[in-house]
Every structure is written in C-alpha cells, then in structure tokens.
Amino acid sequence: ARDQVQVAGSSTVLPYASIVAEAFGENFDFPTPVVESGGSSAGLKRFCEGLGENTIDVANASRKIKDKEVAACAEAGVTDIVEVRIGYDGIVFASDINGNSFEFTQEDWYKALAAEIIVDGAAVANPNTTWDQVNPAFPAQPIMAFIPGTKHGTREVFDEKVILTGCEESGDFAKFVELKGGEDEAEDACMSIRTDGLSVDIDGDYTETLARIDSNKDGLGVFGLAFYENNTDKLQVATMAGVVPTTEAIAEGTYPVSRPLYFYIKAAHIGVIPGLQEYADFFVSDDMAGPDGPLAEYGLVSDPALADTQAAVAAGTVMMK
Amino acid sequence: MSDHPTSPSSFPSNPSGAAKNSLLKLDARTKKRNASEARFKAYGVGAIALGLFFLVALLTSIIGNGTPAFKQTFITIPIELTESKLDKSGVRDIDVMKKVTTFGYKPLVQSALVASLQEHGIENPFKKAADLGKLLSSSAPAQVRDVVLANPELIGQTIEFRLLAGSRVDGYFKGRVDRDALARDKNLDAEHLDIADAMVTAGLIDTKFNADFIFGADASESRPEQAGIGVSMVGSLFMMIVVLCLALPIGVAASIYLEEFAPQNKWTDLIEVNISNLAAVPSIVFGILGLAVFIQFAHLPQSAPLVGGLVLTLMTLPTIIISTRASLKAVPPSIRDAALGIGASKMQSVFHHVLPLAMPGILTGTIIGLAQALGETAPLLLIGMVGFIASNMPDGIASGFLDPNSAMPAQIYEWAKRADPAYYERAWGGIIILLGFLMTMNIIAVILRRRFERRW
Amino acid sequence: MNDMRIVKRDVDMNDIKISAKDVQVYYGDTHAIKDVNVEIKDKTVTAFIGPSGCGKSTFLRCLNRMNDTIDICRVTGKIEIEGEDIYDKRVDPVQLRAKVGMVFQKPNPFPKSIYDNIAYGPRIHGLARSKADLDDIVEKSLRRGAIWNEVKDRLHAPGTGLSGGQQQRLCIARAIATEPEVLLMDEPCSALDPIATAQVEELIDELRENFSVVIVTHSMQQAARVSQKTAFFHLGNLVEYGETGQIFTNPQDPRTESYITGRIG
Amino acid sequence: MNDMRIVKRDVDMNDIKISAKDVQVYYGDTHAIKDVNVEIKDKTVTAFIGPSGCGKSTFLRCLNRMNDTIDICRVTGKIEIEGEDIYDKRVDPVQLRAKVGMVFQKPNPFPKSIYDNIAYGPRIHGLARSKADLDDIVEKSLRRGAIWNEVKDRLHAPGTGLSGGQQQRLCIARAIATEPEVLLMDEPCSALDPIATAQVEELIDELRENFSVVIVTHSMQQAARVSQKTAFFHLGNLVEYGETGQIFTNPQDPRTESYITGRIG
Amino acid sequence: MPALWLFITVLVLGLAGFILGRARVMKDADGDIRKLHSLPNYYGSNVMLSAIIPSLGLLVLWLIVQPMIIQANVASHIPTENYADSGALNLLMSDVRRVADGLDIAVSQGALTPHAAQNLTGTDDVRGILGRLGVALGTDVEDDILTAAQEYRIKSNIGGWIMTVAVIAAAILGFAMALKVTNKDHRARNSVEKVVLALLIGAASLAVLTTVGIVFSLIFNTIEFFKLYPAADFFFGTTWAPSFGGGSELGILPLFWGTFYISIISLLVAVPIGLFAAVYLSEYAGPKTRGIAKPLLEVLAGIPTIVYGLFALLTVGPLLVGMFGKDGSFGVNWMQGGSAVITAGLVMGVMLIPFISSLSDDIINSVPQSMRDGSLGLGATKSETIKQVILPAALPGIVGAILLAASRAIGETMIVVLGAGAAARLSMNPFEAMTTVTTRIVSQLTGDADFSSPEALVAFALGMTLFVITLCLNIVALVIVRKYREQYD
Ligand SMILES: Nc1ncnc2c1ncn2[C@@H]1O[C@H](COP(=O)(O)OP(=O)(O)OP(=O)(O)O)[C@@H](O)[C@H]1O
Ligand SMILES: Nc1ncnc2c1ncn2[C@@H]1O[C@H](COP(=O)(O)OP(=O)(O)OP(=O)(O)O)[C@@H](O)[C@H]1O
Ligand SMILES: [Mg+2]
Ligand SMILES: [Mg+2]
Ligand SMILES: O=P([O-])([O-])[O-]
C-alpha cells in the first residue's frame, strides 16, 4: 500500500509545498510526501480522476478550483474536497538591475501592451514603442515586456488586475464599450495584448524571463515576488500604483497585483493515506505558513486569515457543492 | 613523361605539341574532379569539425557553469546539546525526544554560532541570533536533530558539527555573490560576509569537495546547498535498466519480424509507417498513454521508476526499430542465401548471420535511443516523476523500481526553474553528471559496436 | 533423419530422385523458365548446359526452393523429390535444403573464419558429436573441396580474405560438409585452375556413388567428363535431355547441335 | 582525352607499357606476391596463368592500385606505366584507373539500371557530349561486351537482376565504355558459355589493336588463343614469362611445365 | 497461490522441462546427436516452451477475465435502484472491489479473522477498520456494498484456486505432451521456431498496440474538444490565442506552420552536416578518427535539451541578433529579438547531427566493398563513388535516419520554447518568433486553464492532428524509398 502522501499541481505552489514536505519529512515519522509539479490544471485533472491509491491525495493550485472541475471531480467519485488557501503570491514587475527604474501604474502597462488603445476617440493599433510615449515621465527606453504565456495562471491575473484595470483607469474602457458595443467586448478589447513582438509571452518559468532580461537589457519582466527576492542582485523591482511590492504590502492589500494560492485535499483519503491529515495541518501551521515561518521567509505572503484556515483543515471542512 | 628522362620508354617529346597525358601531371578534367573531391572531403572534415566544435562549445559552457556545484562551503562550530531544550523529561525516550522539532533545534544552533564567534573574538553586529543564523543553511537544525536522535547519549555534551553554510555564503566564496548584490537582499547582509571572512581566518569556514551533491537527495527551494542528484541518478539508472531490458529485445524482435519474416503487403506497410510515425509522437503524449495504461488501468504505483521506464521504453522503441530495420536491410542478400543454401532455417540465418552483421546499427540505435530516454522529462511529468521527490536512496531492487523517485533530467529541469541562483550552478553540475552517466552507458555499446564492425 | 537417408539409399540404383513437371518461372513479368519437364536420376551426375542467361541457375535454384528468397520470383508446376512435391505447403524448405545442398554461382563465404564457414552447417544440423568430431568434419570437407593445403594454416582467418578460386572451393567444401543427398553446383569450377578443377571433378565422381549431383557448367568437356546425363537449356526451354554421350555425339535438336559445335551462344 | 590517346598510339608498336620491378605484396603478414619483375608490352595481350590462390588477382590489382582499397594490403617495389611510377606520391590513382581499366573476378554490377551501369564511367569522365552520344556509347559497349541482344529490351532494369554470365559481360562492357589504355581482366570468361567466350575473345583481340590487355585465365586454351605473352605465377612468384607460344610449347621452368601439363595445381 | 508464485512455479517447471526434454531425446538417440532431427537444445526448449507458454497465457487471461466475470456476477447483488446508469454501477463496483481488497488485507494482516471479515455488517465501522490499514474508502460502507464485497471475496477466492489448479495443470499437460512427442524424429526446431516467430510477431504487434493506445488516449478528449470548439475553426483558423476568459482562438495553422518551418531549418542544418560527417567517417577517416569522432558526436544527442534551449536563448539568439538585428554586423535589421525560428532551427539542427551521422555511417559502412571497387576501378574518385553508388545503395537507411531526425525535430519542446518563443505566428520570415504544435501540446496540458475547457482539451486535438499529419508524411517517405531503393547483392 502506498504510504507517502502524493501531491501534484501548480508549479507556483511547488516551492512552498516542497519546503513543507521537506520539513514534514524531517520532523514526522511519515515518509516525505511526493510533490509533483506539472501545472494547476494537470494537477487538478489527476486529482479528479477518482479515489484510490493510484490517484493523488492533494492538488496544489495557483487558482481556485473551477465549478466545472468540481463537477468533473464529483462525477469520478471525488465528492468531498477540502479547500485550503495557504496565502498569496505577489506578482511584481522588474527590470535589469543596471537599467532605468520605473514607477508604474496599471495604466502604463495597459498603454504599453494593449493591442489597441484609444487615440483621439478612435481605437487604433498601439502606436507606442518606447516607454516615454506611454508616460512622459519615463525614459525613452524601448518597450520590451516579458509577460507570462497563456498557459500560466499568472497571465490571467496580469490581464485582469493590470491591463484591464489600466484600461478602466485610463477611461479607454468606457470608450471601448461605446465602440465595440458591450462590456464583454470591451473587456476583450482591453485585454488583448499586442502581437508585434514588443510583448513576449514566456511559456517557461521565471528563470526564463530572467534569462531573457539578461540577454535583452531593455526588457521588463513579470515575476513572482519570491523569485524576485531571490534575485535582487540581477533585478530591480518597479512600484505599482506607488506601492513597493513586499509581503507586508500585499498582506495589507495595498499592493494591487497578487493572487491566492490553494491546495485541495481529498477528504476520502484523510485518515486513510497515512500522514495526509498531519501534512495538511503542518502546512498551515504557524510554524510553516505563519508570517515568520519559512514560507513567508521564502516569499509567500502569509494569509491574514490563517487561523480560520487552520481550524477548517483540522475539522476537515469540505467545500460546498 | 618529360619528368622522367631516364625512363626506359622515354621518347623525344612530340614536336607537334600533342603532349602525352602523363600520370604525374593531372589533366584538366582530373584536376577539376580532384578539386571537387577535395571539396567533398573538406565538407566532411568541416562537418565533423563543426559538430565537434558545437560539442566543445556546449561542453565548455556546461563544465564552466557546473563545476562550482561540486564544491560546498561548510561551517564548523561546537554546539552544546542542552538537555533542558532537547529532552526535558531526561529519560532519553526517542518518542518523546522526537516531539522537539527542528524549530526547537534552530535557536540552539543559532546561539551556538553566536557563542563560537565570541570565542574566536569575531565581531558580531547582530543583536538577534536568528539574524546571524542566516549564515547557516536551514538544514542545520535537521542535521543536528538527526544526530541527536540517533545518539541520545550525546545530550548534555558539546559536540563539534560541520554544518552547511547558507547558499548566499557559499555563493560568496564561489564568487557568485558580492557585497553590492546583497544591498537589497533580505536574506543576507554585507555584514554577514565580513563575519564569514573572519570565520575563514579563524578556520571555522572551509570550502571542500561536496560528495553529497553526487550522492545526495533533492532539497527544497530554500536550501540549494543541500541538494544532490544521487537519488535521482539511481532513479534514472533503474529506468534505464527497464528501457534496456525491454526496448532493445522488443525493438530488435519487432524489426526482425518486419524486415525478415513479414510478408510484403499492405498490412506490413501500415505497421512500418506506423512505427516511423511513433517516432514523431511528442514524448509527452507517451506520458498521457503511460498514465492511462500503467497507472490508471494497470494500477502500477505513481512516481515509480518502473512506470517511467515503461513509458520511456515505448518512446525508445521506434528509434531502435527504425535503426535496426535500416541495418538489417543493409545486409547483402547473398549472406542470407549462403546460410539458407546450407539448410539453415530462416530463423537461423537471421540470428546467426544477419543479426551480427546488423549489430553496429542496432547498437547505434540503442545509443541514440537511450540517450534520448535518459534526457527526457516531458513524459515523466504526467506519471509523477517531476517535482520535489526527495526520497532516500532505494533500499533494494524492488524499492528501486517501485518507490517514488525522480530522474536526472527531471531533477535538472526542476533545479533550472528554481528561484535561488544557487540552483543554477547545481542544474549545470547535474548536467555534467548526466553526461558522465550517459558516456559510461555508451562506452559499452561503443566498444561492442567496434567489435561487430566489418566490411564484406 | 540420417539413418533414414542411409536406409533409403539402396532401394534402386537408378531411381528417379527429382522430377520436374511443367515448371514455369517468372521474374516479375519475365518468363525465365518455360515448361520444363525433367527427371533427374539418383546416384547420377546431371549436367545443365546452355548459353549464358538461358535459365540454368534459375532452374537449379528451383530444386531447393532458393528462389523463395527472391521476392519477384514466381514458380509454378510441380517439382518432386522422391515423389514428394517440394512446393507442398507441408514441406519445410529448411529440411529440403539440408537434403538438397547448393553451391552458388558467385562464391559467397560468410564474413567469418574459414573454420566457422565449414563448421556452420554441421553445427546446425548436429552432425558432430564433439569438438574433435567437428574438427574432423572441417578437415575432411576442406580436403574434399581441394583447399585444405592452402588454408590449413589459416583456419581462423576470415573466409572473405581468400582468392576467388579459394572462395569457390570453400563454398564447395561448405556445401558438402552437411552431406546433402543432392548437391546442386552452379558452375563450381569457373574460377578454378585445371588441377583444382580435376580435384573437384573427382569429388563429384566420388559423391555420385551415394548421392546425386546436378552441375551447371559452360565447359562441354567438363560436362562430358563428369556427367552421365546432360540437359541443354536454351532461352528458358529445356531443349534436350538425355545420356551425356548421346547429347554430345548425336544431339536430336538442331539447337543443341549448334550449341555444342559452337554456333549459337 | 580520347583523341590525345589516339595520337600517342602510333609511337611504338612494341613499347613497354607497364614494368614491374621487385614487387612484393603483403596481406598483413602473408606474403602474397614475391619479387615479381615483369614488363608488359603495349598493344599486346598478356595472359596471367597459375593455380588458384597464386597471386594473379593480387598482382593484377597492383597495376591500377586497386589494392589501395584493402586496408591490410601493402605493396613495395616499383610499378611503372610508360615509365611513370604509379606509386609515386604525385600520381592520382583516379587518373591511373581511368587509364588502366579493370574487370573484377566476381562480377559486381552497381545496384542501378543496366544503362546506368554502363553510362556511369563515361559520365564521370565526361566522354559523352550529349544524351544521344551517351546512348551511343552504351549501345556500343554493350554490343562489344556481347550482351546487347540480351538486354536491349531491359536497359532500365537493374543490373543485379541479370544472370551470372550476363553480369560478367555487363562488367566487361562497363569497363570498356571508358576506353582505358590498359584493360585488366580477371577471369572475364569464367561464367560464359563458349560462344560468349568467343565473342569476348574477339573483343580482346580487337582491343589489342590500340590498347594493351592483361587477362587472368585458368583456361590454357584461352591463354593460347588470345595472348601474345604469358606469365606463369606460382605461390606468389612469377615463375616464367615469355612469348605465349614458347611458354606453352617449350617452358623453361619445370613448374610451368607441370602446370601446363596438369600436374601441379 | 498468488500469481507471482504461480509464475515462478511455471518457470521452474519449464526449466525442468528443458533438462528433461534434452535428456530424453539424447537417450532416444543413444547420445548421438547426429541421429536427431534437430539440435538437442531445440528439444529441451520445445518442452520448456510447451510447459510455459500455454500456462502463462492462461494465467494472464485468467487474471484479466476472472474479475470481469465475478464482477458481472456480483453486480447482480446490488439493487438496481441504487444506481442510475452503468457509469454509476462501475463506480459502485470499484467501491466493492476496494472493500473486498481491503478485507483481504485486513485478513492477511490479522486485523480480522477470515470469519469476522465475512460476517461484518454495515453497522460495523468497516471504513474505520480498513482506513487504519491504509485502504482508502470514499464513503462509509453500505450494507449491500459490503455484501457484494464479501460475495466478491468468496468468488475470487474460489476462482483463485481454480486458477492455480488450471495453470499448473496446463503447464504439466504441456510439459507431458511435449515430452511424449520428444523423440529423435520430432521436428523440434520447427516447433520452437514457430514459437519464436510468434514472439517476434508479438513484439511487432506491441508497436501497433502502442499506436492504438496513443489513439485511444487522445481520441476521447479530442472528441470532447470538438464538441466545445468548431472543427473548422480549429483546422483552418489562422490565429492561435488561447485565453482564460473564454473566447479563445485556437487555429492550428500557425502552429503547424511553425512546426514545419523550424523542422525544415533544423534538417537543413542537420542533414548536410550529418551526412557529410557520416560519409567522412565511413569512407575517409581512419579507424582511430572514426572510433573517437563518432561516439563524440553521439554525445550531442545526449545533452539534455534544456542545455540546447539555454544555448539558443543565451548564446545563439544574441549572436544572430548581433548579425541580423538592428545595428547588426550585416546592418540588415531583419531580426528584432533573439527568439526566432532560425535560432531554434539552428540549435535543434546541432542536436540532430548524430541522428543522421551515426546511423548513416553504419549503413554506408555495410555497403559491400565490391561496390566501391567497381566504381573506383572505373576511375571514379571517392566522392563520385560515394555520391553515385554508395549513397543510393544506402538510401533506405539514410532516409530512415533523416525521418528519425525529423521526428525528433517535430517532437522537441525545450529548444523551441527557449529558442523560438511562444508566439504563434504565420509568417515567412525566419527571423521572427514562432512556435510549434508540440510545445503547445505541452503548455496547454501543463497550463492553468480549467482542465475541461477547450483551452486544455485542445492539447489532445493537437496531438491527434499531428499524429495524422506525420502519418501522411511517413507514407510519402515510404513510397519514395520504395521507388528509389537500389538493392545491392
Ligand atoms: N583480402 C585478403 N586478405 C588476406 N589474404 C588475401 C586477400 N586476398 C587474397 N589473399 C591471399 O593472397 C593469395 C593470393 O590471392 P589472389 O586473389 O591474388 O589469388 P589468385 O591467383 O587470383 O587466385 P584465384 O585464381 O583463385 O582467383 C591467396 O593465398 C589469398 O588467400
Ligand atoms: N533476380 C532476377 N530478376 C530478374 N531477372 C532475372 C533475375 N535473375 C535472373 N534473371 C533473368 O532470368 C534469365 C535466366 O537467368 P539465369 O540466372 O537462370 O541464367 P543462367 O542460365 O544461370 O545464366 P549464366 O550462365 O549467365 O549464369 C536471364 O535472362 C536473367 O536476366
Ligand atoms: Mg547462372
Ligand atoms: Mg583471383
Ligand atoms: O504551475 P502554475 O499552475 O502555478 O502555473
């Protein structure tokens, strides 16, 4: 019989899960859990294959599970799911350490990366090619943005919390509603990113973004906070809406671009797979996920409502259907 | 001819100028052909030189980036194992002592470091022991705890421990980290480096060859200094055993059937096309197949090298089959005739004569197929072999095949993604080991291949 | 199998060993053998003669189903050995070829040592009880193939490193090492000097005492010397078949006569 | 190249074309050719005779440096063609082989069509100015090789699908298609019937008018018929070399005599 | 008896059969192997195979069929009103099996006596008992499930015994029958060869089975995808723009074009270099050079693709931009960023060199020397010989090698992601970023989209389409090889 906890899913959650798993293995008699990476979606898919030893116990996700997925899970017999929010992932904008510094607003990013913007009341293909055209306060550095590819959940956050917000703030959104004839259409118009090569989708990981900035010093990249904090020797971070991204700022909610991270447990496996409950408890314990714990130290933005989560995990509260 | 006036058949050269075409002088056409010959040969040399040049370029960058991974910085300090902290009950009951987690050991280790600095008269600007403790790897408490739990009698004594230094400190001694870079790094300050320098002078810090990198297990994101590739190397080894034991015989058997026995008809054409087509199937699709067939249908364990090996076998088969068939085809029919004419059965003619002659090609296919299998990550993603799988070394054959493990390329791929730059050098170091592994694997095949090579 | 063979031996001295009826061979669309009917006697040497390209090799290869290995080759008609149809489904071509050995027109030694070339057949047929036995067979075969003296010091050198004529004799030795009942020899002496030729002819004569031999040759003298029966092929037809003496002295068909006297090629 | 050759032709009818001095050939440690000295005349047919394995092919292959292709083969001594050392560094074996053509002992047609087999040489040497020219050369060569009638309807069928004797004639045709000055023929008639043999001999005779031909044969009759000079090899030695008539009627060396009379092999 | 032990027993029987069969026939022939139809080992093998093959076949078949039969049988114990459809029944049955397996474990570990296990009722805490033993149960066990599970256990137990008996009987029967016919005239070789042939066929079928497996593992999700996304838009769409909010455009054309373009460029690099290297190695180089250079080149195939990817990203890309980019050394300003089709193509080409060079070298090396002699003897230069005689003769093998390299190029991800970028684009310009089908399969499969959304399912449709397209290409290649193949002798 399988005696280790089997975890799969998000590569964003992986570092945190691996820190927990390692400490769990060191401090408990249970074997070190296996934490696979492969993406939130792939993890949830395997999570929802069914119950049993040949399926995983825990799925990590950098987004909330979707209703359709819950339904698919239920269809395969995975009816009782415990949802655990472990904290937040800050998303930051950084450039080469030796380059110019930036203080962005969402509007700047929208103006720089949208496929179309409103100029003189008409939607035109984005004419901006240097940052000073976007915002005169910026240097005349060519626009070159490395943003997460469409496979990454981060992209969704970026689209909605940066580009769409920027679109709304600039007032272009209202104009688009007028022009395109509907809010949905306007949203689509706002969030479509230019494809002329000034914005580059990164399908790989943050290391790839970093490498691209390394080989193109004009580049600006989108990173996770934890990643940035480990690479402060190469990157300088930009402020967003006047706030410097730090764990504190994100926890307080003043820094606007972040997303919650989760993991999901099969309730049916609790008490069956040895160590599963203990692993979940340990993960959300103050020792690990608390504001001074190793996860926060590594870059996780601790959840202010951690105590509630701890209680829910201990009680094995399952999601409402 | 005029070059050889002493030649016995020498004649006065023809006055009309119709020069005889001397062998020693190339005629125009031969010159042209020779030039094209020389060009052709030069292309060959050029091709090989180019190939080798790329190899050297790649190897240089691999080795240049990867060698630091083989060295590691250690901090040696005495730690007092206070009973009041580690075993309040005082009865040395392991189960009770286990209640003290690494979080309990951490302050102990950190204060020991402070004490050690004081003892050596090294100035310590940090008020909190925890701040100074950033010099140490976060693995230190676990390291101490393991020793204590294994030898409870040590409690109460002061023991000298050789602990891993944190990755930034290690990076400092390898030239990766400097004081400027630390200005905005919350993990370490420039003062730490001053202390580290002083500690080197005091003999508390040294940088040594790090065998744990070659033999150890993976570590979490927060402790690159502890990570090793050994366990995943064993994972790869077991997978390669599966691949070799299955793909080679099955591939050769399938090729023999298709090339030597199968009737030539639409069906075999279909199979032939199918096999070449399998080679073009993206490897991740084999992962989908493996997950469905081996884990969900056959209920084999997840993350197991056995399953990984099976998936890679399916992936390697086409390579071996294609190369085997090509070399079987290249054996001249007269050899088959000779054997059949003596009364050998078709089977005997194939196994006794054709197969040995096709062996070089088969081995080449094996070399290439195994190289591919050894370096493949994508299909492993779907069967649970990529991620953080820090198991211990398998403790037997069965456990080697069935217990969760990763593989070298998956490990390298994971490392390459990790945020701490210290993992960067480890990824390259891992590649060095992977290549070493590959070449060791190849050597046997290459030697065998040379023995089988002959012309006829 | 062996002893059966021996039992069968003394049934009839001039028994019919092989009979071919209405044999047609096609290479793709080319009709290479047309309607050949022939009866080959046991313990007899039969010579096939005829101009180059007339189908001698093709027909010879039919007799032990070596044509099976040529994809485009199609054989119809009936060929019987000792009354058994060799193209019958139940017949194992392997057993057939063990019984009907062959020396090919182009020498084709295995890329192995000379010793292994000879020993291969006896090994797979289990003709040797021991290593010494095998050594014996190898030596005997090489001697009978008239090549022993030349190769005795280099038994473990590759067979492909021999001269053309040596290779040919090696192939003869290889074929007789398995002691077939019928031996088909496709121009076995083409690359041999007169002495070696004489030795091989002697071998053929000796084989005839127990087995039957079919030999393709371009040398009328040789055919006359070694064979009792001669078949003359021309353009895929078996033009004439009969006692060697008669064929050479008193041919029935004008084509045979022209060929023998050197008028058609 | 062609016309130049014709100019040279009439220099001397009995010029020495090839002279070999102290030629030794080793295959690894085997000493295959020992101290051979021979002078081959231009516009003459020279026959090499000798028992199988005596080194005829080996020596023949020295004359156009085909031995270069055998790794373990080592040649010492001096071989001159028209006074030029062919083993000289400056000599291009390619040019040499264009001048000294060769028909190998084992027919080795290319796995190409019959047409391409023949056209291959003329193409690489640029002997044809046009497609029609090439067709011409092919037809002429096949006719001279006495195989035109058999293959004229299947010029685009593969050369490997021919009978043994046809392949041999194809190789002869292939060799003469490039019009070499010297033609080395290693048992060119071994697989041929008497008529085809006669045709090839006729070809040789015709070639002699302009070129020199060296032929290896096991048939004394053939040697006597076609050659003016004969060299007898034995165990790697050139035992005797002289006028054909003299060698066959009045051999100086007892070994020659034994061989001719059929006593040593 | 557990299957493993049964398996071992059969193997031991087989081994005994080998020894006995051999001994028997030797005795029959009075120790004179010349009297045998086949070599003695064939007789031994024949007995061994007769003992092993049918019985193991039976074992495997039994292991597959028995649960099916028992399941059908046991399912009748579950009232029809408890489940809605066959899917739900399946779910229930898997529960039954899990409970039954759990009870087995409980009994074998001594947590329950066999008797107690059969007498548990729904009121007992079955889930708790089994949970403590590490058996995962989704819900509390209901009465009829438990009954069914107990029934299941009884039947499998009985079935297991019958299986043991049947398999051993089959082995002994095969053993005995084979031994009985073992005499000196028995055609043992033919029998053994038949079995070997069957094994060879089996191995070949495995390749076919793999194909079937791949098609099956892709087809259902592909169909699912086409239910959500119009096929015409997928096959003829010229935009690839997946997005999380829905409204994705998932046209395959730009991906297919990218795949094609990058593969072509990589082959343009690898084929000439590989072929020239192969020719040089086999025709010009001495054994020493060859012995060193060939394995060295093969190392290129073993370097992990991530290294090539980084090489493309960090070295080749910037280098090319330095040449073709703005202010580049050629001053042409063709290239904007380092990520481009040409970057990935070049680097991938390097990786593919050994695929072509090594395999072709082996094939060229096995062209008979007489072919070379024939050509050289006509005064051809080595290169003429190679180009016109040897390469055509080696064509099938070379085409095989090229196909293998092309396949690898089509299937590669890492180099493309890092070297060519992730942007799907339909453009002729090799200096632009593009992407391939395979990388999109990987990224959509490992991405964050809802796994039942078209954005995730498209991976399967892409896989399926790629499969069909490469199949067509392979058919073309086969036809070409057939046409130009030159069979030497
Ligand atoms: N490739 C080789 N490697 C080693 N020995 C060889 C090789 N080729 C020929 N020999 C040996 O060299 C000697 C001379 O061989 P060669 O082929 O010249 O004989 P030959 O006179 O042509 O005989 P034949 O009439 O049988 O063709 C023979 O003893 C032969 O075994
Ligand atoms: N593999 C083949 N494919 C096509 N045609 C073939 C093949 N083998 C032989 N032939 C043709 O069949 C006819 C008979 O060939 P066969 O080899 O039987 O002649 P042969 O009598 O042995 O001649 P030779 O004395 O030249 O060896 C010839 O016209 C030949 O071209
Ligand atoms: Mg013939
Ligand atoms: Mg010879
Ligand atoms: O792997 P992710 O799901 O976090 O992108």
Side-chain angles (χ1 to χ4, degrees), chain C residues 27-30 32 49-58 70 72-73 104-108 146-147 149-151 153-154 157 161-169 186-187 189-200 216-221 234-235 258-265, chain D residues 27-30 32 49-58 70 72-73 104-108 146-147 149-151 153-154 157 161-169 186-187 189-200 216-221 233 235 258-265:
Chain C
Y27 290 111
D29 296 332
T30 324
I49 59 170
S52 168
C54 66
K56 305 178 295 295
S57 301
T58 302
I70 300 175
I72 56 164
C73 183
F104 294 85
Q105 185 165 11
K106 270 196 207 180
N108 51 358
I147 189 182
N149 285 326
E150 279 155 84
V151 299
D153 303 326
R154 51 194 270 204
L162 291 175
S163 82
Q166 287 167 338
Q167 288 188 12
Q168 200 165 39
R169 284 171 288 156
D186 202 347
E187 307 194 23
C189 302
S190 62
L192 300 185
D193 58 275
I195 312 288
T197 303
Q199 286 167 328
V200 171
V216 173
T217 179
H218 281 301
S219 156
M220 306 301 149
Q221 294 83 346
H234 187 237
L235 294 179
S258 330
Y259 182 71
I260 289 168
T261 55
R263 264 175 292 139
I264 62 166
Chain D
Y27 290 111
D29 295 331
T30 323
I49 59 170
S52 166
C54 65
K56 306 178 294 294
S57 300
T58 303
I70 300 175
I72 56 164
C73 183
F104 294 85
Q105 186 165 10
K106 266 197 213 182
N108 53 356
I147 190 183
N149 284 326
E150 279 155 83
V151 299
D153 302 326
R154 49 194 272 204
L162 292 175
S163 83
Q166 288 167 339
Q167 287 188 10
Q168 200 165 40
R169 282 173 287 159
D186 202 346
E187 306 192 25
C189 302
S190 63
L192 300 185
D193 58 276
I195 312 289
T197 303
Q199 286 167 328
V200 171
V216 172
T217 179
H218 281 300
S219 158
M220 307 298 148
Q221 293 84 346
F233 286 81
L235 295 178
S258 325
Y259 181 72
I260 288 168
T261 54
R263 263 175 294 142
I264 61 166

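A, B, ... follow the sequence lines: proteins, then strands. Residue 1 opens every chain. Note that the structure is predicted; figures quoted are calculated from it, not measured.
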Original post:
Who among D:A32, D:P194, D:G28, D:S219 has the most heavy-atom pairs with chain C under 4.5 Å?
Top reply: D:P194

**OP:** Check each atom of D:Q168 against the heavy atoms of chain C and say whether the ones under 4.5 Å are side chain, backbone, both or neither.
**Re:** neither

Original post:
Once you round to the nearest 0.5 Å, how far does CG of C:L192 lie from CD1 of C:I147?
Top reply: 9.0 Å

Subject >> Proximal component of C:Q199, with respect to chain D [non-hydrogen, under 4.5 Å] >> reply: neither

Original post:
When you measure from the side chain of D:K56 to the backbone N and O of D:G50, does any donor-acceptor pair fall under 3.5 Å?
Top reply: yes

Original post:
Nearest 0.5 Å, what's the CD1-OG distance between C:I195 and D:S52?
Top reply: 12.0 Å

Original post:
If you count heavy-atom pairs under 4.5 Å between each of C:R154, C:R169, C:M220 and chain D, which one has the most?
Top reply: C:R169

**OP:** Answer yes or no: is there a side-chain heavy-atom contact under 4.5 Å between D:D186 and D:F104?
**Re:** no

Subject >> Residue among C:A198, C:S57, C:P107 with most heavy-atom pairs under 4.5 Å to chain D >> reply: C:P107

Subject >> Partners passing side-chain hydrogen bond (donor to acceptor under 3.5 Å, both in side chains) against D:E187 (at least two apart in sequence or in another chain) >> reply: D:Q105, D:H218

